[in-house]
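Values reported hereafter were calculated over all heavy atoms of this structure, with side chains retained and with hydrogens, waters and symmetry mates removed.
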Amino acid sequence: MHDLTATTALGGTTAEVRDFEGLRISECPDWALASLASRLGREDEVAAAAQALLGAALPGVGACAGDGPVTAFWIGPEQWMLEAPHGSHEDLAARIKAAMGDAGSVTEQTDGWVRFDLEGAGCHQVLELMCNADTRRMDSPAATRTAIAHQSCFLIRRADGHFSVIGPRSSAQSLHHGLIEAAYSAL
Amino acid sequence: MMIDHPLLGPRDAQEFTYLGDASLIDRPDWQAEDAVDQFHDYLYLRDNPAGEHRELWFHEVGDRSWLVVTRNTLTHQITSVELARDVARSRGRSK
């Protein structure tokens with residue numbers, strides 16, 4: 001086995017955490033992602049298999065579902081992104097594919113994205129500078145996709161003062177820079 | 001300009017990209033006898049109305065669905081927004 005060093009999307013060996021007054025912006029590398037799409041006419045089979053996997057029904061438009069290790073958020077018509085801790089679910093896509101069979105299309109997404117969490121009362125002030133989404137009026141939990149720092153990102157409200165921004169991993173530095181700049185400006 | 005997405009509600013036009021006339025949905029049958037003529041018309045002939053126009057928009061920075069937007073080319077007023085999937089299916093296209 002090669003002696004390789006794992007690095008995060010920002011290139012460090014540990015996750016980058018930055019603290020501001022009323023806000024913590026932290027890189028979250030420890031999450032596995034996989035996308036799921038129902039195939040035409042197989043929607044009911046996918047819904048049933050997902051119910052067993054998530055312990056909840058697949059979420060509707062703009063919603064999130066699941067309170068176990070695997071959770072899901074809506075990304076488009078008949079399409080969802082599933083999240084789980086990387087430590088226990090590194091093979092998330094394979095597990096979902098095994099559950100769905102031919103009824104759904106599953107794509108490994110873990111290393112395509114970078115996740116930054118914004119926690120604290122200042123998150124709205126930063127996000128209203130960064131994107132179109134009306135974060136104060138979003139349900140909790142809820143998910144949407146919008147442009148942040150000129151990039152197409154998922155924005156998930158996990159709790160009142162807790163948002164996740166999931167953006168393209170190859171632009172992680174630019175996205176992080178944008179969030180940090182906005183935090184300096186707003187807080 | 002705002003586009004009232006049928007699933008997500010009003011979204012800024014900067015989240016969308018424009019493709020063109022919604023007649024692009026009606027792709028001819030490539031196995032038809034006169035397929036060459038049909039494809040000529042499909043590719044090159046467009047109406048250019050001063051008024052109501054049905055056109056395809058892609059929600060690129062959003063849920064990435066294709067929409068059929070009915071827009072008045074004189075006023076830019078948008079009177080109807082439908083999922084292109086639903087429009088295609090209503091015309092007997094399901095694949």
Open item on the list: Looking only at the side chains, is there a donor atom on one of A:Glu43 and A:Ser38 sitting less than 3.5 Å from an acceptor on the other?
Closed with: no
Open item on the list: Checking side-chain polar atoms at under 3.5 Å, does B:Arg11 have a donor or acceptor matched by the opposite partner on A:Thr144?
Closed with: yes
Task: Between A:Arg145 and A:Ser152, a side-chain donor and acceptor under 3.5 Å - done: yes
TODO: Classify the ring geometry between A:Tyr184 and A:Phe20 as parallel (under 30°), tilted (30 to 60°) or perpendicular (over 60°).
DONE: perpendicular
TODO: Residue by residue, scan residues 57-82 of chain B and write down, ordered by number, those that have a heavy-atom distance under 4.5 Å to chain A; if none do, write 'none'.
DONE: B:Glu60, B:Val61, B:Gly62, B:Asp63, B:Arg64, B:Ser65
Open item on the list: How long is the straight-line distance from CG of A:Leu179 back to SG of A:Cys123, given to the nearest 0.5 Å?
Closed with: 11.5 Å
Task: A:Glu108-A:Thr110 side chain donor-acceptor pair, cut-off 3.5 Å - done: yes
